[in-house]
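Take a look at the structure set out below.
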Amino acid sequence: EAKKKGKNTIEYYNDIAAFNSFKRMDMEKNLRAEAANSFNGFEVYYQPVMNVLGESPKCSGAEALVRWNVPDMGLVSPGEFIPLAEYLGLINPMGNYILEDACKACKSWNDKGHPEYSVNVNLSVVQLLQKNIVKIIDNTLKKTGLKPENLVLEVTESLAINDIKKMKQVLGQIRNLGVGIALDDFGTGYSSLSHIKELPLNEIKVDQCFIRDIGEDDYSCAFVKMVGELADALKVDVCVEGVEEKEQYEIIKLLNLKYIQGYYFGKPMRLYEFENQFL
Ligand code: C2E
Ligand code: MG
Ligand code: MG
Ligand code: MG
């Protein structure tokens with residue numbers, strides 16, 4: 001079955017079967033049409049990432065988060081269509097489109113007076129296991145003129161651990177281009193601390209579930225603090241995701257963590273809105 005759908009389709013997207021079938025078939029039809037139409041219905045949104053180490057928070061760039069505007073369905077969230085795109089073998093062309101959009105956007109920020117801004121782009125394991133992924137990234141950098149050090153690729157922990165040896169090798173090659181690697185959603189999924197030290201990481205992103213009740217829950221607070229210490233020991237940056245309240249922001253400040261991303265500083269927004277607010 002997996003073979004029929006494309007070489008890189010991975011079997012554990014079985015939860016796709018749990019999809020309500022009418023909606024799923026509709027989405028599948030729309031997604032195929034979208035792919036045939038060069039992903040014109042897709043729009044990459046940008047969420048600011050703030051460096052909060054200094055006196056006042058400073059934008060350091062953004063994370064690219066894709067949105068899909070489906071006729072008759074409205075805005076569909078990536079949590080729904082990314083697994084489907086993987087299952088259908090459409091994630092690679094879609095991912096290339098997103099990567100190029102993000103690199104182009106960041107290059108223009110760098111040219112417009114913010115040479116330090118970087119852009120984070122999510123890559124699923126299917127994308128990482130493409131034979132020519134390193135070449136694709138390199139070509140996209142050359143085509144858009146973005147400097148490798150201004151690109152960070154985010155991989156999720158559960159996926160990164162799936163085939164640790166292969167993953168280590170691919171991520172190593174990507175790192176050799178000068179591109180950064182961030183471990184996304186840390187603390188969820190199949191976390192294994194022993195793997196963390198083996199992966200060539202530049203950044204750890206703490207999953208937002210730990211921030212939600214950081215003010216009330218001692219465990220969450222201890223966890224975030226521990227990740228900060230781990231990041232220091234590994235000499236990687238740490239980003240705290242999902243910060244919505246001032247109180248949460250203040251706790252992160254006290255813990256001396258470098259980056260924050262969350263609704264408190266800005267939701268994912270359209271490119272022109274990001275540029276209006278942060279350039
Ligand atoms: P992620 O990479 O962990 O992205 C962070 C998610 O948290 C985003 O959801 C973002 O909108 C949301 N978020 C950010 N700040 C807050 C906050 O303060 N409160 C709350 N409640 N949520 C916040 P989104 O955009 O729905 O994306 C969901 C996931 O879909 C992403 O998780 C990522 O794994 C995946 N994804 C998104 N865009 C892409 C893409 O271009 N390619 C791939 N392969 N995956 C993507
Ligand atoms: Mg991410
Ligand atoms: Mg995340
Ligand atoms: Mg996530």
Side-chain angles (χ1 to χ4, degrees), residues 8 10 13 31 34 39 41-50 61-69 74-103 105-106 118-130 133 136-137 140 151-160 180-189 191 201-214 224 227 237-249 252 259-271 273-274:
N8 286 326
I10 282 177
Y13 294 110
L31 198 54
E34 201 62 70
F39 302 103
F42 282 75
E43 184 172 352
V44 184
Y45 278 45
Y46 293 90
Q47 182 177 33
V49 176
M50 309 300 291
E63 178 175 2
L65 293 158
V66 67
R67 297 290 179 263
W68 182 23
N69 204 346
L75 222 50
V76 181
S77 96
E80 281 188 76
F81 67 80
I82 297 277
L84 185 60
E86 291 179 330
Y87 181 74
L88 298 175
L90 297 174
I91 189 73
N92 291 338
M94 181 195 295
N96 297 345
Y97 165 86
I98 296 161
L99 180 67
E100 188 172 326
D101 192 274
C103 290
C106 188
S118 57
V119 71
N120 281 33
V121 178
N122 294 283
L123 281 197
S124 79
V125 73
V126 178
Q127 293 175 267
L128 277 171
L129 294 177
Q130 286 177 88
I133 184 65
I136 289 172
I137 294 164
T140 308
L151 175 63
V152 178
L153 298 174
E154 298 193 1
V155 299
T156 51
E157 190 177 10
S158 51
L159 302 179
I181 308 286
L183 190 59
D184 206 357
D185 302 344
F186 184 70
T188 64
S191 4
L201 300 176
N202 304 84
E203 182 180 350
I204 294 177
K205 299 187 76 165
V206 184
D207 193 77
Q208 53 188 59
C209 69
F210 298 100
I211 313 321
R212 214 162 292 144
D213 46 15
I214 196 170
V224 174
V227 178
D237 287 328
V238 60
C239 178
V240 179
E241 295 191 90
V243 174
E244 297 183 357
E245 320 265 336
K246 187 163 194 275
E247 185 200 12
Q248 297 166 332
Y249 161 61
I252 304 304
Y259 295 115
I260 286 185
Q261 196 182 327
Y263 296 171
Y264 181 66
F265 287 111
K267 292 193 173 183
M269 55 187 94
R270 308 182 82 168
L271 178 62
E273 289 178 284
F274 177 82

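Whatever order the structure lists ligands and atoms in, that order sets their numbers, starting from 1.
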Review point. Can you name the N/O/S atom of Glu154 that is nearest the Mg ion (ligand 2)?
Key: OE1
Exercise for review: Check if Gln127 has a non-hydrogen atom at a distance under 4.0 Å from any atom of ligand 1.
Suggested key: yes
Practice item. For Gln248, enumerate each residue passing the side chain to side chain donor-acceptor pair (under 3.5 Å) test, keeping only those at least two apart in sequence or located in another chain. Key: none
Practice item. Would you check if the Mg ion (ligand 2) lies under 2.8 Å from any N, O or S atom of Thr156? Key: no
Point to revise | Under the ring pair (Phe, Tyr, Trp, His ring centres under 6.0 Å) test, residues paired with Tyr249 that sit two or more places apart | key: Tyr264, Phe265
Study note, to complete from the structure: Checking distances from the Mg ion (ligand 2), one finds that the N, O or S atom of Glu63 closest to it is OE2
Check your understanding: Looking only at N/O atoms, are Asp185 and ligand 1 under 3.5 Å apart anywhere?
Key -> yes
Check your understanding: Any N or O on Gln47 sitting closer than 3.5 Å to an N or O of ligand 1?
Key -> yes
Exercise for review: Ignoring angles and geometry beyond distance, decide whether Gly79 reaches within less than 3.5 Å of ligand 1 through its nitrogen or oxygen atoms.
Suggested key: no
Review point. Is the backbone of Gly41 close enough, under 3.5 Å, to the side chain of Glu34 for a donor and an acceptor to pair up by distance?
Key: yes
Review point. Could you state the interatomic distance from CD (Gln127) to CG (Asn122), rounded to the nearest 0.5 Å?
Key: 9.0 Å
**Study point:** Angle subtended at the Mg ion (ligand 3) by OD1 of Asp185 and OD1 of Asp184, nearest 10°
**Key:** 90°
Check your understanding: Just distances here: any N/O of Glu244 and N/O of ligand 1 closer than 3.5 Å?
Key -> yes
Review point. Quick check: does Glu241 have an N/O/S atom under 2.8 Å of the Mg ion (ligand 3)?
Key: yes
Review point. Within the distance-only criterion (no hydrogens, no angle test), does the side chain of Asn202 pair as donor or acceptor with the backbone N or O of Ile181 below 3.5 angstrom?
Key: yes
